[in-house]
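For reference, the structure is listed below as structure tokens.
Side-chain atoms are counted along with the backbone in the values below, which use heavy atoms only and exclude waters and symmetry mates. As the structure lists them, so they are numbered: ligands from 1, and atoms in each ligand from 1.
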Amino acid sequence: MTEWLGLPALATTHGGQIDSLIGWTHIFMLVLFVGWGVFFGYVLLRFRKSRNPVAHYPGMKSHATSVVEGGVLLVELVLLFAFSIPLWAARVDHIPSEKEALVVHVTAEQFAWNVRYAGHDGLFGKTDIKLIDVQQNPLGVDRSDAAAKDDVTTLNQLYLPANMPVIVKLRSKDVIHSFGVPEFRVKQDAIPGLTIPIWFVPNVTTAEMRTRTGNPEFVYEIACAQLCGLGHYRMRGFVTVLPADEFKKWLDEKVKEQLEAAADPFR
Ligand SMILES: [Cu+2]
């Protein structure tokens, strides 16, 4: 219905609602723009000097414009109460239970996205600021903590399963960044000192999107949507949406690599 807006392809379950809000707002603003433009032209002609050499002090008697104003107010109330507020409530207030969702920690820094999964135990292990090493351990994961042993971290690569809720817990190590994935219709600022949850259900795998767009190289991209410093332009992350079973395989493989690396004393 909203193809005429030319928005990026849609890849989450809630995205359609965002698009319809954007679509209705555009239609309404177009009606207002044309309506007020025509009215302005009419007023210029109707009250031109040659027709009204002397000002008419009592002014207009008709209430037509009040009726129009009332109509505009009504449509704006509909946009607010029928579209925006329910959407906000669903997106921000009703976060699904963590038991039914995949929880991923995404920590932004100048100029990269650090991604962390809990591994098989479903627990995120401790982190310590003293353990942070820009190359080896950008999140300061404390591998001596039992819950941290199977935690998986990646740089700029976010793998997600399709058709299940994903909760991204967004943080920042330095300045304000913004996690934006246009196809997901998701955009949220990452603010130092805060952990902000965002959730969505990706419903188009990367492979499906490649067929759909006819672009064999298509990748979902996390674009940092806040000017966060000199390297802002290169702060890109990539999202790969896999069918649930392939995602599980990927994560199992990553956990195995992590456990093997930890067991290797020569590393
Ligand atoms: Cu950034």
Side-chain angles (χ1 to χ4, degrees), residues 6-12 14-15 18-19 21-22 87-88 91-92 95 101-118 124-142 148 151-161 165-202 204 206 209 213 215 217-242 247 250-251 254:
L7 294 169
L10 197 60
T12 46
H14 75 277
I18 304 256
D19 288 5
L21 177 61
I22 295 174
L87 191 55
W88 178 267
R91 303 308 313 151
V92 179
I95 294 181
L102 171 79
V103 181
V104 196
H105 288 188
V106 174
T107 305
E109 69 173 275
Q110 288 174 320
F111 299 96
W113 299 97
N114 294 287
V115 180
R116 184 176 173 214
Y117 299 85
F124 288 91
K126 283 197 202 105
T127 54
D128 187 336
I129 200 163
K130 290 190 212 88
L131 297 171
I132 289 182
D133 175 296
V134 180
Q135 293 302 319
Q136 301 298 322
N137 192 0
L139 291 173
V141 179
D142 181 357
D151 286 11
V152 167
T153 56
T154 66
L155 185 66
N156 294 327
Q157 294 291 341
L158 177 61
Y159 281 74
L160 298 176
V166 174
I167 302 173
V168 172
K169 294 205 172 165
L170 197 60
R171 293 186 176 90
S172 170
K173 278 167 70 176
D174 37 45
V175 299
I176 298 177
H177 299 273
S178 183
F179 176 91
V181 184
E183 290 84 0
F184 290 178
R185 305 295 191 270
V186 159
K187 190 178 280 171
Q188 171 62 54
D189 277 8
I191 298 169
L194 293 182
T195 301
I196 303 175
I198 35 175
W199 76 279
F200 46 87
V201 182
V204 184
T206 298
M209 196 55 106
T213 55
N215 174 7
E217 265 138 50
F218 176 88
V219 274
Y220 295 112
E221 193 177 308
I222 311 170
C224 181
Q226 285 286 7
L227 185 55
C228 57
L230 282 177
H232 166 69
Y233 71 95
R234 64 180 157 87
M235 188 164 169
R236 324 158 67 191
F238 301 96
V239 188
T240 307
V241 180
L242 297 170
F247 171 77
W250 174 83
L251 191 61
K254 280 285 175 190

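Residue H177 approaches the Cu ion (ligand 1) most closely through its N/O/S atom ND1.
Annotation: angle subtended at the Cu ion (ligand 1) by C224 SG and C228 SG is 120°, to 10°.
Residue H232: no N/O/S atom is found under 2.8 Å from the Cu ion (ligand 1). Among the backbone and side-chain atoms of M235, an N/O/S atom is found under 2.8 Å from the Cu ion (ligand 1).
Counting heavy atoms from C-beta outward, L139 and I132 have side chains that stay 4.5 Å or more apart.
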Please evaluate residues F124 and H105 with respect to the criterion ring pair (Phe, Tyr, Trp, His ring centres under 6.0 Å), reporting the C-alpha separation (whole Å), side-chain torsions for both, the decisive distance (0.1 Å), and the verdict. CA-CA 9 Å; F124 288 91; H105 288 188; 3.6 Å; yes
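Between Y220 and F184, the distance from one ring center to the other falls under 6.0 angstrom.
Side-chain N/O atoms of R171 and T195 include a donor and acceptor closer than 3.5 Å.
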